[in-house]
Amino acid sequence: MVAEALKVIACETSEVYVRSENAVRRIEFSRLGLADSAQLEIQGVDVLTDDLHYFLAAQSQGKTCFNFTHLREAAGITS
């Protein structure tokens with residue numbers, strides 16, 4: 001079921017290539033690493049994460065951000 005949903009998403013979305021060179025030059029790279037820094041390079045996407053440092057970095061760029069912990073707390077889920 002999850003594999004089928006992923007298949008649909010993969011077929012219906014476009015991939016964006018980010019040069020590692022651009023990602024490692026970001027000020028956030030030393031704290032966030034390559035993958036998150038590369039994602040910060042992509043414009044026009046929303047962020048859903050449970051990584052507070054990534055969430056704050058994306059939010060500071062003006063991205064629409066959702067944090068799993070905040071969503072769980074708002075829903076009254078504690079574990």
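Quantities reported herein were computed from a predicted structural model and do not represent experimental measurements.
Annotation for Leu48: hydrophobic cluster partners, listed by chain and number, are Phe66, Phe68, Leu71 (ILVMFWY side-chain heavy atoms under 4.5 Å, direct or chained). Using a 4.5 Å cut-off between side-chain heavy atoms of Ile, Leu, Val, Met, Phe, Trp and Tyr, Val24 falls into a hydrophobic cluster with Phe29, Leu34. In this structure, Val8 shares a hydrophobic cluster with no other residue, the cluster being traced through Ile, Leu, Val, Met, Phe, Trp and Tyr side chains under 4.5 angstrom apart.
The heavy-atom pair separating Ala58 from Val47 by the smallest distance is CB-CG2, 3.8 Å. For the pair Ser37 and Ala23, the tightest heavy-atom approach, listed with the atom from each and the gap, is CB-O, 3.5 Å.
Listed by first and then second residue, the side chain to side chain donor-acceptor pair (under 3.5 Å) pairs involving residues 25-35 are Glu21-Arg25, Arg26-Glu28, Arg26-Glu41, Arg26-Gln61 (not counting sequence neighbours).
Residues Asn67 and Asp50 are in side-chain contact: their nearest non-hydrogen atoms beyond the backbone lie under 4.5 Å apart.
Here Leu6 pairs with nothing under the side-chain contact (heavy atoms from CB on, under 4.5 Å) rule; sequence neighbours left out. Among residues two or more places apart in sequence or in another chain, the ring pair (Phe, Tyr, Trp, His ring centres under 6.0 Å) test is passed with His70 by Phe55.
In the hydrophobic clustering of ILVMFWY residues, with side-chain heavy atoms under 4.5 Å counting as a link, Val45 and Val18 come out together.
Here CD1 of Ile27 is found 11.0 Å from CG of Leu32. Values are rounded to the nearest 0.5 Å. We find the OH-CG distance between Tyr17 and Asn22 to be 8.5 Å, quoted to the nearest 0.5 Å. Separation of atoms CG (Leu56) and CG (Asp51) is listed at 9.0 Å; rounding is to 0.5 Å.
No side-chain donor-acceptor contact under 3.5 Å links Lys63 to the backbone of Ala57.
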